[in-house]
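The structure presented is a predicted model; accordingly, all values stated were derived computationally and were not measured. All chains are named by letter (A, B, ...) in the order of the sequence lines, taking the proteins before the strands, and each is independently numbered beginning at 1.
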Number of protein chains: 2
Amino acid sequence: MRRDVFQAIADPTRRAIIALIALQAMTPNAIAENFDITRQAVSKHLRILTECELVIQKQKGREIYYSLEIEKIKEIDKWLEQFRKIWENRFDQLDNLLLTLKNKKDEK
Amino acid sequence: MRRDVFQAIADPTRRAIIALIALQAMTPNAIAENFDITRQAVSKHLRILTECELVIQKQKGREIYYSLEIEKIKEIDKWLEQFRKIWENRFDQLDNLLLTLKNKKDEK
DNA sequence: TATATTTGCAACCAATAGGTTTCTTAATTT
DNA sequence: AAATTAAGAAACCTATTGGTTGCAAATATA
């Protein structure tokens with residue numbers, strides 16, 4: 001079962017979990033309180049998130065605190081890079097167009 | 001079947017299709033040539049991408065050209081925004097730490 | 001020491017995903 | 001007009017997903 005970040009964030013519950021623990025490390029029980037699914041279902045999500053290294057665990061007695069591995073989120077950002085070039089280009093083109101129009105107006 | 005962008009980009013073939021047509025509009029047949037799956041399977045991916053508005057169609061005779069709707073990609077960027085704050089913060093904290101260390105050294 | 005709490009794991013289930021093959025429709029060539 | 005080409009739709013199949021319940025292990029508390 002080769003997991004990757006993109007598959008991990010496909011599920012809305014998992015995105016919500018990520019957003020939750022981004023603020024502070026939390027235990028599975030505490031996380032589960034925020035959803036209408038069982039603790040075990042949350043645990044499964046956490047396992048998937050751990051497998052693709054989006055999340056790290058820290059044991060504290062019998063509790064396990066989960067927190068976000070922010071570096072992994074950057075992988076998505078890295079993938080976006082190729083498209084960012086495109087949309088910035090479009091902006092430049094729009095800028096140039098507006099500039100051209102403005103100059104033509106000024107010439108009058 | 002409520003599709004969203006995150007589910008759409010979860011599949012690696014779909015991400016490849018997106019990257020392909022980001023460069024130039026392409027027909028399903030032309031796209032399919034780049035993969036080991038049938039044209040019909042590509043068509044299904046294109047339908048999903050169209051449903052969540054990541055892709056737009058332009059009919060030209062009996063051919064249909066598919067191209068990327070770059071604006072929709074920005075939705076992912078928007079979602080990343082909340083985390084970008086976090087990782088920029090971490091950088092700042094590191095900067096401060098390094099600065100503090102440097103000052104201490106200079107004081108000597 | 002006995003009991004309660006926190007967690008992960010396994011077995012199971014229904015729905016969905018991603019692929020295939022077959023067929024239809026519409027536009028282009030010959 | 002007939003044949004070819006491009007594409008979507010439908011039916012089907014298997015693997016995966018996201019959920020459940022029940023159980024076992026480890027730690028903490030009475």
Non-hydrogen atoms of Pro28(B) and Tyr66(B) that approach each other most closely: CG-CE1, 3.6 Å
Distance, rounded to the nearest Å, where Arg14(B) contributes CZ and dA17(C) contributes P: 8 Å
Asn29(A) CG to dG8(C) C1', straight-line distance once rounded to whole Å: 12 Å
Atom pair distance, as rounded to whole Å: CG in Leu49(A) and P in dT17(D): 13 Å
Test: Lys60(B) and Glu63(B) ion pair at under 4.0 Å: no
Selection: residues 55-67 of chain A, any non-hydrogen atom under 4.0 Å of DNA chain C: Arg62(A), Glu63(A), Ile64(A), Tyr66(A)
Side-chain donor/acceptor of Asp77(B) to backbone N/O of Ile73(B), under 3.5 Å: no
Residue-phosphate contact under 4.0 Å: Arg3(A) side-chain N/O, dT17(D) OP1/OP2: yes
Trp79(B)-Leu54(B) co-clustered via ILVMFWY side chain contacts under 4.5 Å: yes
Presence of salt bridge, Glu69(A) and Lys72(A), under 4.0 angstrom: no
Those residues of residues 30-46 of chain A lying under 4.0 Å from DNA chain C by at least one heavy atom: Arg39(A), Gln40(A), Ser43(A)
Student check: side-chain heavy atoms of Thr13(A) and Phe35(A) closer than 4.5 Å: yes
Proximity to DNA chain D (any heavy atom under 4.0 Å), residues of residues 18-28 of chain B only: Thr27(B), Pro28(B)
Ile9(A) with Leu23(A), same ILVMFWY side-chain cluster at under 4.5 Å: no
Side-chain ion pair, Arg84(B) and Glu88(B), N-O less than 4.0 Å: no
Carboxylate-amine/guanidinium proximity below 4.0 Å for Lys78(B) and Glu81(B): no
Ion pair check, Arg15(B) and Asp4(A), cut-off under 4.0 Å: yes
